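Here is the structure we will look at.
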There are 2 protein chains.
Amino acid sequence: MTATASARRKESRTAAIAAELGAAIVAGVYRPDELVPGEVELSHRYGASRTVVREAFKLLSAKGLIASRKRSGTRARPREAWHMLDADVLAWRLKSGQAEPKFVFDLLHVRAIVEPAAAAMAARSHTAATLAAIETAFADMECAGHDAVLFADPDIRFHKAILAATDNDVMMAFGALTEAALGVFVRVASRHAGAPAPSVPLHRAVLDAIRRRDAEAAHAAMMALLDRTARNVERNVGRPRASRRAAKPSK
Amino acid sequence: MTATASARRKESRTAAIAAELGAAIVAGVYRPDELVPGEVELSHRYGASRTVVREAFKLLSAKGLIASRKRSGTRARPREAWHMLDADVLAWRLKSGQAEPKFVFDLLHVRAIVEPAAAAMAARSHTAATLAAIETAFADMECAGHDAVLFADPDIRFHKAILAATDNDVMMAFGALTEAALGVFVRVASRHAGAPAPSVPLHRAVLDAIRRRDAEAAHAAMMALLDRTARNVERNVGRPRASRRAAKPSK
DNA sequence: GCGCTCTTATATGTCTGACATATCGTCCAG
DNA sequence: CTGGACGATATGTCAGACATATAAGAGCGC
């Protein structure tokens with residue numbers, strides 16, 4: 001576990017160390033506000049220079065995972081400080097064994113809030129160019145047909161193109177969320193169920209509504225699409241467990 | 001402009017350089033995929049070592065603002081790659097002169113999507129502890145009364161407490177957005193209009209709805225609150241300008 | 001014993017200079 | 001004109017050193 005997939009590709013040492021440390025933090029290896037090993041110790045442990053460890057620390061601190069203070073050392077930050085929509089944080093959190101089914105449903109829930117609204121905005125604000133991007137992605141989805149893996153790439157492009165068509169810079173930030181969620185779905189789907197083809201009509205409904213600038217229909221169609229996804233994941237992963245909180249909502 | 005507010009406090013050199021470079025990038029000083037000055041040149045320009053510049057680069061690359069490749073150099077990334085919900089990115093973008101009224105309205109628009117939904121979730125999922133946090137923030141708001149500056153802190157805490165009460169980790173990521181938007185509002189309000197007191201009843205409506213677990217009412221109340229904020233900003237800042245896009249929506 | 005100041009050890013922050021490595025241009029040979 | 005060799009260049013990594021803030025303990029007066 002000390003040297004996991006550090007040499008998976010042409011990843012720089014800095015990135016590799018950041019990935020391993022980041023994954024450990026989001027996996028809960030270090031409690032909130034607990035000290036992580038010092039720079040010198042980590043540099044020895046990884047056989048790298050202190051420079052590299054420090055640069056990895058900077059990457060992680062920019063993502064809200066750690067904070068350094070002189071003399072005190074570097075501490076893992078509590079979960080509410082993590083940048084949950086950062087692509088790396090999402091990936092590390094989802095990769096760390098799927099010990100967190102609740103997190104998957106939290107993601108789906110946020111998507112169910114954001115993406116229908118995005119579809120509605122796209123219906124109102126799309127241009128020829130941004131609409132074309134959505135249409136291209138959809139066409140590629142149709143071609144990909146029944147292969148769940150091939151299907152994933154145009155699927156992600158489809159949803160990202162809708163975000164881009166909203167003409168709202170902030171909306172783009174949700175691309176990482178969609179991408180991470182779709183990635184999970186692919187892994188789940190490849191273990192269990194059949195072809196992704198049944199979702200094509202649902203995507204088509206979204207595209208059609210956007211094309212004719214029908215914001216309400218776009219909202220509804222996207223909601224339906226995400227509902228299907230949620231039910232699919234629910235069936236394959238199991239219902240979300242009880243909250244991690246001490247006190248549970250009295251319902 | 002070369003050495004702006006670099007010594008504003010006890011900011012490390014790394015952070016100061018990252019802040020200045022980051023602000024320059026979001027301000028559009030460097031076009032998308034344009035080279036930023038090399039590490040050695042910047043280290044000379046700032047009178048710092050290359051180490052510090054590199055660590056600043058790591059901070060910025062973790063926020064999606066730049067990307068480095070060997071031999072090629074380091075390039076500013078296009079806007080769609082920026083992590084728009086990162087607190088620093090938001091701050092730099094809003095601080096850079098308010099040359100971007102459209103961005104302020106983009107923020108408000110996203111808040112209008114996320115926060116009502118968050119209020120509804122909080123109504124369903126809050127616990128004794130998370131509800132107490134909301135109530136405390138609200139009480140402090142009432143005390144702050146008519147001072148727009150004093151009002152801002154409990155206001156931010158109020159909205160963040162609602163996000164925390166959703167019992168959804170991903171929701172916490174929107175705290176930075178709320179905080180940034182409220183900061184803008186304070187600056188706008190201090191230049192123009194009167195006391196923030198009129199918004200107290202609107203906040204109270206949100207709190208009451210959450211307390212009695214009425215999700216729909218909480219959604220509506222939060223929407224009303226944000227509507228008021230939006231109209232306020234609109235009145236003081238002016239309507240959003242036309243899109244920056246080449247082709248405009250045909251309407 | 002209790003509280004205060006002063007010292008000291010420690011971990012991060014910064015600097016320097018060097019070498020490694022990938023890659024973009026260019027140039028030359030076929 | 002094509003394709004491969006080669007050097008220049010900017011980032012990536014390394015090593016060792018010093019600076020600085022500060023938590024923790026030592027010492028001291030009360």
Side-chain angles (χ1 to χ4, degrees), chain A residues 3 5-22 24-25 30-77 81 88, chain B residues 3 6-22 24-25 30-31 33-77 81 88:
Chain A
S6 50
R8 208 181 70 184
R9 280 212 171 172
K10 293 192 293 184
E11 208 177 25
S12 70
R13 274 182 162 65
T14 298
I17 293 178
E20 191 159 332
L21 256 178
I25 290 168
Y30 304 99
R31 307 265 158 239
D33 293 321
E34 184 184 343
L35 284 171
V36 305
E39 296 169 354
V40 283
E41 173 174 346
L42 285 176
S43 68
H44 293 152
R45 185 182 299 182
Y46 288 110
S49 67
R50 192 159 82 94
T51 309
V52 171
V53 174
R54 280 185 59 80
E55 291 184 354
F57 274 15
K58 292 297 179 200
L59 283 177
L60 296 179
S61 83
K63 295 175 187 300
L65 297 184
I66 59 176
S68 299
R69 275 168 42 190
K70 279 190 182 176
R71 158 78 199 195
S72 299
T74 301
R75 295 171 184 278
R77 298 190 68 191
D88 292 321
Chain B
S6 51
R8 207 182 69 183
R9 279 210 172 174
K10 294 192 293 185
E11 207 176 26
S12 70
R13 278 187 190 286
T14 299
I17 293 177
E20 191 159 332
L21 256 179
I25 291 169
Y30 303 99
R31 306 263 158 241
D33 293 320
E34 183 182 344
L35 284 172
V36 305
E39 295 169 355
V40 282
E41 174 172 346
L42 285 176
S43 67
H44 293 152
R45 184 182 302 184
Y46 289 110
S49 68
R50 192 161 82 96
T51 310
V52 171
V53 174
R54 280 184 60 78
E55 291 185 354
F57 274 15
K58 291 299 179 200
L59 283 176
L60 295 179
S61 83
K63 295 175 187 300
L65 296 184
I66 59 174
S68 300
R69 275 168 42 190
K70 281 189 182 176
R71 159 77 200 191
S72 299
T74 301
R75 294 171 184 278
R77 299 190 66 189
D88 292 321

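Residue numbering restarts at 1 for every chain, and letters A, B, ... go by the order of the sequence lines. None of the values given here were measured: they were computed from a predicted structure.
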Test of understanding: with side chain to side chain donor-acceptor pair (under 3.5 Å), list the residues that count as partners of A:S68, not counting sequence neighbours. A:T74

Residue set satisfying salt bridge (Lys or Arg N to Asp or Glu O under 4.0 Å) with A:R77, at least two apart, ordered chain then number -> none

Give the B/S/- string for nucleotides 12-19 of chain D, one per nucleotide from 5' to 3', where a protein heavy atom under 4.0 Å of the base yields B, of only the sugar-phosphate yields S, and otherwise -. BBBB-B--

Using the side chain to side chain donor-acceptor pair (under 3.5 Å) criterion, which residues pair with B:R71? Sequence neighbours excluded. none

Applying side chain to side chain donor-acceptor pair (under 3.5 Å) to A:K63 and not counting sequence neighbours gives A:D86, A:D88

List the residues meeting salt bridge (Lys or Arg N to Asp or Glu O under 4.0 Å) with A:R75, not counting sequence neighbours, and say none if there are none. none

Does the side chain of B:L21 come within less than 4.5 Å of B:I66's, by heavy atoms? no

For the pair made of CZ in A:R75 and P in C:dA11, what is the distance, rounded to whole Å? 12 Å

Results of side chain to side chain donor-acceptor pair (under 3.5 Å) for B:R13 - residues two or more places apart only: none

With sequence neighbours left out, write down each residue that passes salt bridge (Lys or Arg N to Asp or Glu O under 4.0 Å) with B:R69, or none if nothing qualifies. none

In whole angstrom, give the distance that lies between atom NE2 of B:H44 and atom C1' of C:dT16. 11 Å

Using the 3.5 Å cut-off, write out each protein N or O paired with an N or O of nucleotides 3-7 of chain D and the distance between them.
none

